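One structure below.
Proteins get letters first, then strands, A, B, ... in listed order; numbering begins at 1 in each. This one's a predicted model, so the numbers in the text were calculated from it and none came from an experiment.
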Number of protein chains: 2
Amino acid sequence: MRLENDQRRAQLLALARTAFSARAYDDVSIDDLARDAKISKGLLYHYFPTKRVLYVAGLSAIAAELVVAVTSIPADLAPIERARAGLDAYLEHITRHRAAFISLMRGGIGSDPEVAEVIEGVRRRMFDTFVVDSPFAPLLIGNPKFEISVRGWIGFVEFTTIDWCVNPRLSRAEIRDLLTEILFEVLRVVSPPVFRTQ
Amino acid sequence: MRLENDQRRAQLLALARTAFSARAYDDVSIDDLARDAKISKGLLYHYFPTKRVLYVAGLSAIAAELVVAVTSIPADLAPIERARAGLDAYLEHITRHRAAFISLMRGGIGSDPEVAEVIEGVRRRMFDTFVVDSPFAPLLIGNPKFEISVRGWIGFVEFTTIDWCVNPRLSRAEIRDLLTEILFEVLRVVSPPVFRTQ
DNA sequence: GTGGGCTATTGACTTCAGGTCAATACGGGA
DNA sequence: TCCCGTATTGACCTGAAGTCAATAGCCCAC
């Protein structure tokens, strides 16, 4: 069946997302995908020049959705509420797209620079959402200890979240509150004394 | 040149470790390795039945060395000193085997279960070293919030450490102390009030 | 020393998946 | 109805993983 460029592209992208979420990169063959789409392999290569490009396109779409979910929270919240709401959105989104999230974060192709860049982009956006946009950020940005700690906290979140996907021993609210609390403890540890209100 | 089984095996393992540390899994070909070892490809397959097995063998060796480095610290230290010493050994070892460490943690084959198991083994050993062997552990083990937090902290460490390898903005001692401090803050947050001495 | 057997070693072969390309089918506009 | 652009095909190429029957070198019994 002949399809318009955009429709065919969207169909292939959707198929790829499903396949790469369910199976590992190497376990998804282009022939399989073409067969699923009921087209020839040549046509698939007409739309995506390499398997890796197709994979990255799918991954980017997943990442973009995650970023939208996390960053579309009210801007006028207090820092701690902002973090809590962002984490809530993050966890909610992940709950609904478990397989996609895991394949995103586990990085099907460990060392591919483009894949790394996609994941890094998600982290940067999270960093911005949780910290840069907060009122005291201007005083913290540029402080290595601070920046390193916040990135470390993001590692904490990713780790915890992946564990949680596999084996949810705490409720979403509990995880959210735990991560929030730890973020602020971390900030307290690395902040200049002026911020240590407790 | 004809070699004894063990020697040939060791030679191939060493070559593989070097190659896989320097380049990505897919960028290392069996033909290359065989050529480097000045043997035929068939012989290589006589020693390691698949490329993946060879890769995992190299990775396991790297992981084992890291574990040895971290766990061979005096057993009679106070918990906080134990953690600090363990982290010091960890960072020292990583400094000396940067490429190997990064290839271990980035997981050249993201979704391979055996690779995941190797990395998971390292984490488990670190968990044990830093926490289980400490005096108050019996009261904390089994508490989900606690276990999740410590695993999260390990994520914090891995993240921070990889960043640090690429862009060392703090000294090793500073990173070590930061990670130690954060571990104890995390423990404080999730511990029953009885442990909150500060 | 020599013949026999064990094992390290070879190299040509197979397989399979990613990627290429010239040729074709289809549809809309003049 | 013809023409042209583009979606589509399928046969082909390539390179790397993995196989295997055959060989070469060494040690030991005689």
(Q) Between P on C:dT7 and CE on B:M1, what's the gap in Å once rounded to a whole number? (A) 21 Å

**Q.** Atom CD of B:E114 with >12 non-hydrogen neighbours under 6.0 angstrom
**A.** no

Q: Just call it for B:Y47: base, sugar-phosphate, or nothing, with non-hydrogen atoms closer than 4.0 Å on any strand.
A: sugar-phosphate

Q: Just jot down the salt bridge (charged side-chain N to carboxylate O under 4.0 Å, His left out) partners of B:K145, sequence neighbours excluded, or say none.
A: none

Q: Identify, with sequence neighbours excluded, every residue that meets side-chain contact (heavy atoms from CB on, under 4.5 Å) alongside A:F101.
A: A:L66, A:Y90, A:I94, A:M105, A:T161, A:I162, A:C165

Q: Please report the C-alpha distance between B:R123 and B:E158 in whole Å, then the side-chain angles of each, then the deciding distance to 0.1 Å, and finally whether the side chain to side chain contact (heavy atoms under 4.5 Å, CB included) criterion is met.
A: CA-CA 10 Å; B:R123 287 171 186 155; B:E158 285 181 13; 2.7 Å; yes

(Q) Check the phosphate of D:dA7 against A:N5, side-chain N and O only, distance under 4.0 Å to OP1 or OP2. Yes or no? (A) yes

Q.
Each nucleotide in nucleotides 13-20 of chain D should get exactly one letter: B, S or -. Can you fill that in based on protein heavy atoms under 4.0 Å?
A. ---SBBBB

Q: Would you please test A:E117 and A:R124 for salt bridge (Lys or Arg N to Asp or Glu O under 4.0 Å) and show each step?
A: CA-CA 10 Å; A:E117 182 48 40; A:R124 214 161 23 234; 3.0 Å; yes

Q.
Angle between ring planes, B:Y55 versus B:Y25, binned at 30° and 60°: parallel, tilted or perpendicular?
A. perpendicular

Q: In whole angstrom, give the distance that lies between atom CD of A:E4 and atom P of D:dT6.
A: 11 Å

**Q.** B:L44 CG to C:dG11 P, straight-line distance once rounded to whole Å
**A.** 15 Å

Q: With rounding to the nearest 0.5 Å, note down the distance linking CG in A:L187 to CD1 in A:I182.
A: 12.0 Å

Q. So A:R151 and A:E147, salt bridge (Lys or Arg N to Asp or Glu O under 4.0 Å) or not? Walk me through it.
A. CA-CA 6 Å; A:R151 283 189 62 81; A:E147 290 187 5; over 6 Å; no

Q) Which of residues 9-21 of chain A sit near DNA chain D, with a heavy atom under 4.0 Å from it? A) none

(Q) Please check if the number of heavy atoms outside A:R125 that lie under 6.0 Å from its CZ is greater than 12. (A) no

Q) Once you round it to whole Å, what is the distance between C1' of D:dC26 and CZ of B:R2? A) 5 Å

Q. So does B:R96 have more than 12 non-hydrogen atoms from other groups sitting under 6.0 Å from CZ?
A. no

Q: Starting from C1' on C:dG19, measure out to CG on A:L33 and report it in whole angstrom.
A: 14 Å

Q) Does a side-chain N or O from B:R8 land closer than 4.0 Å to OP1 or OP2 of C:dT9, or not? A) yes

Q: Check the distance between C:dT24's P and A:I39's CD1 and give it to me in whole angstrom.
A: 21 Å

Q) B:K38 NZ to C:dG11 P: how many Å, rounded? A) 15 Å

Q: Measure across B:K51 and B:V28 and return the closest heavy-atom pair with its distance rounded to 0.1 Å.
A: NZ-O, 2.7 Å

Q. Who passes side-chain contact (heavy atoms from CB on, under 4.5 Å) against A:D32, sequence neighbours left out?
A. A:R23, A:S29, A:R35

Q: Please determine if a side-chain N or O atom of A:H46 lies less than 4.0 Å away from the OP1 or OP2 oxygen of D:dT8.
A: no

**Q.** A:L3 CG - D:dT9 P separation (whole Å)
**A.** 10 Å

Short heteroatom pairs, N/O only, protein and nucleotides 28-30 of chain C, under 3.5 Å:
none

